[in-house]
Number of protein chains: 2
Amino acid sequence: MAKRQSAKNFGAYIDRTIKIIRQNYLKAFKEINVDLTTEQWVLLDSLHQSDGISQNELANGSFKNAPTVSRIVDLLCKKGLTERKRFESDKRRYKVFLTKKGKDTYKKTKPVVVKLRKKGWKNLTDEDYDFFLRIMNQIFENFEEKK
Amino acid sequence: MAKRQSAKNFGAYIDRTIKIIRQNYLKAFKEINVDLTTEQWVLLDSLHQSDGISQNELANGSFKNAPTVSRIVDLLCKKGLTERKRFESDKRRYKVFLTKKGKDTYKKTKPVVVKLRKKGWKNLTDEDYDFFLRIMNQIFENFEEKK
DNA sequence: GAAATATATTTGCCATGGCAACTATTGCTA
DNA sequence: TAGCAATAGTTGCCATGGCAAATATATTTC
């Protein structure tokens, strides 16, 4: 039973959970010989859903900031998984695309991710997920900047 | 209502939540002119509870690995908040202590952290916390290495 | 008691990410 | 239209942290 104190140390639990999730992703990719981090996969996933979006859009969709996305896209391009093309109408922006290799890598890793997600939610229910989402969103909202 | 699919993308929510928590801690410390990160505070807190423990014990208690603790303790020592003393009986180990300044800093920041924890749990109940702990611990357990 | 093992800590390399400053381009406005 | 503000992206600096290798000391084993 949780301690009945008004100041709850939820951060520590969130921290250790996200850490073990990242480690499991990394290990699972390694096991199928894919050189990809969790965060790199997140961007591949965004691109799979909306190929050709800008880095800014990638950032918004993945809760990352612009510099981080810039650097991860650099890495993905170096690995040959994505490529950048300038917008014609706005030369400040890039469209980021999955290459053939990027699409293949996504196809190869997606089932692994699905398996990881199932593994992570083992012994938990759909109702638990609703509860989980409500709590996570509430904490997030509580800390959001008041406009 | 959450999507009824067996592979639930819980990671993204955990990720964005831990990020906004860290940002709030950092900002709150800055506002009271304390130069301290969230993770540095976590170690101060451990030391406040058990002054003189080793870096290994610090690591275990904070879900950090040994290299990370080593580097954070370096920083804390540079800031004059902690000091290392060798064990007499085991010269591989250090005992890490809070200095006077470290204790003062802890006293100054603790109320701020309590306030942040309350802020983060706004509109959530004790029962929510039990639920939250159960779900977080279950996810963690699901990903833990089978011995 | 010497050699092999185990443990505590450090260091190096790299990825993520926060923040600020910078460049290039576009849009707005007086 | 000249000048300024806004936007997209990059770069630098630093902290965290994962992993592997190195160092120093302790413990075990033969």
Side-chain angles (χ1 to χ4, degrees), chain A residues 11-12 14-30 35-43 53-60 62-79 82 84-96 143 145, chain B residues 11-12 14-30 35-43 53-60 62-79 82 84-96 143 145:
Chain A
I14 299 179
D15 183 51
R16 77 164 191 168
T17 305
I18 195 69
K19 277 179 188 161
I20 204 167
I21 292 173
R22 289 223 184 82
Q23 279 172 42
N24 269 259
Y25 270 65
L26 209 61
K27 209 181 67 183
F29 291 152
K30 208 173 177 179
D35 172 33
L36 209 61
T37 66
T38 314
E39 305 311 322
Q40 288 163 18
W41 190 87
V42 168
L43 292 200
I53 59 177
S54 72
Q55 297 191 182
N56 238 328
E57 290 167 317
L58 269 176
N60 292 333
S62 62
F63 313 128
K64 300 185 186 312
N65 58 17
T68 299
V69 167
S70 174
R71 281 180 266 244
I72 296 179
V73 171
D74 273 355
L75 284 174
L76 291 175
C77 288
K78 262 182 211 151
K79 291 180 180 179
T82 60
R84 285 191 255 235
K85 288 178 191 161
R86 285 284 185 194
F87 262 74
E88 281 145 49
S89 57
D90 184 347
K91 281 170 197 154
R92 290 169 306 182
R93 282 198 257 178
Y94 289 114
K95 285 170 185 266
V96 184
F143 280 126
E145 207 54 56
Chain B
I14 299 179
D15 183 51
R16 77 163 191 170
T17 305
I18 195 69
K19 277 178 188 163
I20 205 167
I21 292 173
R22 290 223 183 82
Q23 279 172 41
N24 269 258
Y25 270 66
L26 209 62
K27 209 182 68 185
F29 291 152
K30 207 171 178 182
D35 172 32
L36 209 61
T37 66
T38 314
E39 306 311 323
Q40 289 164 17
W41 190 87
V42 168
L43 293 200
I53 61 178
S54 72
Q55 296 190 181
N56 237 329
E57 290 168 316
L58 269 175
N60 292 333
S62 62
F63 313 126
K64 300 186 187 310
N65 58 15
T68 300
V69 167
S70 174
R71 283 181 264 247
I72 297 179
V73 171
D74 273 355
L75 284 174
L76 291 174
C77 288
K78 263 183 212 153
K79 290 180 180 179
T82 60
R84 284 192 257 234
K85 287 179 193 161
R86 284 284 184 194
F87 261 73
E88 281 144 49
S89 56
D90 184 346
K91 280 169 197 156
R92 292 170 305 182
R93 281 197 258 178
Y94 289 115
K95 286 170 184 265
V96 185
F143 281 125
E145 207 56 54

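Residue numbers begin at 1 in each chain, while the letters A, B, ... track the order of the sequences.
- A 4.5 Å side-chain heavy-atom check between B:L36 and B:L76 finds at least one atom pair inside the cut-off.
- The side-chain heavy atoms of A:F29 and A:D35, taken from C-beta on, include no pair separated by under 4.5 Å.
- Contacts of residues 15-28 of chain A with DNA chain D (heavy atom under 4.0 Å): A:K19, A:Q23.
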Sugar-phosphate or base contact per nucleotide [nucleotides 4-13 of chain C; S, B, -; heavy atom under 4.0 Å]: --BBSBBBBB

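- Although no hydrogens or angles enter the test, the distance criterion places no donor-acceptor pair under 3.5 Å between the side chain of B:K85 and the main chain of B:V96.
- Rounded to an integer number of Å, the gap from A:K91 NZ to D:dT10 P is 17 Å.
- The separation between A:E88 atom CD and C:dT26 atom C1' is 16 Å, rounded to whole Å.
- The shortest side-chain heavy-atom distance between A:C77 and A:R84 falls under the 4.5 Å cut-off.
- Between the NZ atom of A:K78 and the C1' atom of C:dA15 there is a distance of 12 Å, rounded to whole Å.
- When each of A:L75 and B:K30 is assigned the nucleotide of DNA chain C bearing its nearest heavy atom, the one mapping closer to the 5' terminus is A:L75.
- Rounded to an integer number of Å, the gap from B:N65 CG to C:dA15 C1' is 14 Å.
- The side-chain tip of A:R92 does not point at the ring of A:F87 from less than 6.0 angstrom away and within 45° of straight on.
- Listed for the A:R22 side chain is no donor-acceptor partner under 3.5 Å among the backbone atoms of A:T38.
- Atom CZ of A:F87 and atom C1' of C:dA24 are 16 Å apart (whole Å).
- Between A:L43 atom CG and C:dA15 atom C1' there is a gap of 13 Å when expressed in whole angstrom units.
- A salt bridge links A:D90 to A:R93: at least one charged side-chain nitrogen sits closer than 4.0 Å to a carboxylate oxygen.
- Side-chain contact between A:K64 and A:L43: present, with at least one pair of heavy atoms (C-beta onward) separated by less than 4.5 Å.
- Taking atom CD of residue B:E39 and atom P of nucleotide D:dG18, one finds them 10 Å apart after rounding to whole Å.
- Between B:K19 and B:D15 there is a salt bridge, with a side-chain nitrogen of the basic residue lying less than 4.0 Å from a carboxylate oxygen of the acidic one.
- Distance, A:Q40 CD to D:dG18 C1': 14 Å, rounded to whole Å.
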